[in-house]
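Being a predicted model, the structure only gives us computed values, none of them experimental.
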Amino acid sequence: APDGYTLMTIADSYVVSALVSPKIVRYDPRKDFTEIGLYGYMPFVFVVNAEKRGGTLAQFIAEAKKPGSEQLTFSSWGVGSSSHLAMEMFKAQTGARMLHIPYQGAAPAFTAVLGGQVDALLVPLPVALPQHRSGKAKILGVAAQKRFPGAPDLPTLAEQGFPATLGSWMGLFGPAKIPADIVARLSTELKAMSE
């Protein structure tokens with residue numbers, strides 16, 4: 001019942017999947033749910049294997065623009081996932097040419113970068129930061145306009161000429177048709193918890 005007592009957490013991929021694959025996904029995120037509010041956002045980072053690709057973002061883009069650069073690869077956690085679409089946006093804005101290698105989840109997609117089977121990945125910062133700090137991976141930039149407070153040493157993609165903000169969000173939703181006064185109350189409480 002749309003009474004505000006049954007709520008769920010939805011990530012960006014839940015919405016993207018419905019928009020990218022409407023014949024497969026059996027829900028419409030615009031009609032079947034009521035948005036209460038967002039409570040989490042994490043920027044993506046452009047990460048590469050530290051030993052295989054130790055240069056800068058500019059050097060990576062220059063290599064990805066060369067003829068035959070389709071041999072460079074990037075992983076994602078699935079066709080149409082937020083990581084896949086973010087990298088396609090990156091390619092379109094930079095002119096980079098890379099082959100997409102989809103995996104069944106963020107963990108195997110990142111493991112492929114760590115193992116050197118794939119050249120790059122856009123993944124949420126907390127996934128890559130421990131491996132970056134240990135020297136096993138190299139973050140070439142954070143996909144945000146400002147440096148992330150938890151990792152101020154990492155340059156943003158915007159500082160390097162790529163102004164897009166790319167990341168992953170989490171939101172609180174309920175069933176369709178929750179009354180507006182209940183949505184307003186829940187939203188107020190969610191904002192208070194987030195502060």
Rounded to the nearest 0.5 Å, what's the gap from CG on Leu99 to CG on Leu72? Could you check?
10.0 Å

Step through it carefully: locate the ring centre of Tyr14, locate the ring centre of Phe173, and say whether they are under 6.0 Å apart.
no

Please answer whether the main-chain N or O of Arg185 pairs with a side-chain N or O of Glu189 as donor and acceptor at a distance below 3.5 Å.
no

How is the hydrophobic cluster of Leu186 composed, in terms of its other members, when Ile, Leu, Val, Met, Phe, Trp and Tyr link through side-chain heavy atoms under 4.5 Å apart, directly or indirectly?
Leu7, Ile36, Tyr39, Met170, Leu172, Ile178, Ile182, Val183, Leu190

Looking at Val25 and Ser17, what are the two nearest heavy atoms and their distance?
CG2-O, 3.6 Å

Who pairs with Ser81 by side chain to side chain donor-acceptor pair (under 3.5 Å), at least two apart in sequence or on another chain?
Ser83

Any side-chain heavy-atom pair from Leu166 and Leu122 closer than 4.5 angstrom?
yes

If a pair satisfies salt bridge (charged side-chain N to carboxylate O under 4.0 Å, His left out) and one of its residues is in residues 102-127, list it, with sequence neighbours excluded.
Lys52-Asp119, Arg53-Asp119

Please check this pair: side chain of Thr34 against backbone of Pro175, looking for a donor-acceptor N/O pair closer than 3.5 Å.
yes

Return the CG to NZ distance between Leu154 and Lys138, rounded to the nearest 0.5 Å.
10.5 Å

Check this for me: does any side-chain nitrogen of one of Arg147 and Glu159 sit under 4.0 Å from a carboxylate oxygen of the other?
yes

Can any side-chain N or O of His132 pair as donor or acceptor with the backbone N or O of Ile139 at less than 3.5 Å?
yes

What one should report as the nearest heavy-atom pair of Pro163 and Gly161 is CD-O, 3.5 Å

May I ask you to test the Ser168-Tyr41 pair for a side-chain heavy-atom distance under 4.5 Å?
no

Write down the atom of His100, the atom of Ser76, and the distance for their closest heavy-atom approach.
NE2-OG, 2.6 Å

Check side chain to side chain donor-acceptor pair (under 3.5 Å) between Gln145 and all other residues, then give those that pass, not counting sequence neighbours.
Thr165

Hey, are the side chains of Phe33 and Met8 touching, using non-hydrogen atoms and a 4.5 Å cut-off?
yes

Within 6.0 angstrom of Glu51 CD, more than 12 heavy atoms from elsewhere
no

Measure the shortest side-chain to side-chain distance between Glu35 and Pro29 over non-hydrogen atoms and say whether it is less than 4.5 angstrom.
no

Whichever hydrophobic residues join Leu85 through chains of side-chain contacts under 4.5 Å
Val16, Val20

With sequence neighbours excluded, residues passing ring-ring contact (aromatic ring centres under 6.0 Å, His included) with Phe90:
Phe46, Phe162

Could you check whether Lys91 pairs with Glu88 (Lys NZ or Arg NE/NH1/NH2 to Asp/Glu carboxylate O, under 4.0 Å)?
yes

Could you go through the side chain to side chain contact (heavy atoms under 4.5 Å, CB included) check for Phe74 and Val113 one step at a time?
CA-CA 8 Å; Phe74 73 93; Val113 172; over 6 Å; no

Closest heavy-atom pair and its distance - Leu114, Asn49
O-ND2, 2.7 Å

Got a second to check how far Arg133's CZ is from Asp153's CG, nearest 0.5 Å?
6.5 Å

Distance check, rounded to the nearest 0.5 Å: Leu19 atom CG versus Arg30 atom CZ?
5.5 Å

When rounded to the nearest 0.5 angstrom, what distance separates CD1 in Ile61 from NZ in Lys65?
7.0 Å

Identify the heavy atoms of Val123 and Ala128 that sit nearest to each other, and give their distance.
CG1-CB, 3.9 Å

According to a hydrophobic-cluster definition based on side-chain heavy atoms being under 4.5 Å apart (Ile, Leu, Val, Met, Phe, Trp, Tyr only), do Val142 and Trp169 belong together?
no

Please find the pair of heavy atoms, one from Ala176 and one from Lys31, that lie closest to each other, and give the distance.
CB-O, 3.2 Å

Between Trp77 and Phe44, how do the two ring planes meet: parallel, tilted or perpendicular, split at 30° and 60°?
perpendicular

Would you give the length of the straight line joining atom CD of Gln160 to atom CG of Leu140, rounded to the nearest 0.5 angstrom?
7.5 Å

Same apolar cluster: Val15 and Met42, side chain cutoff 4.5 Å
no

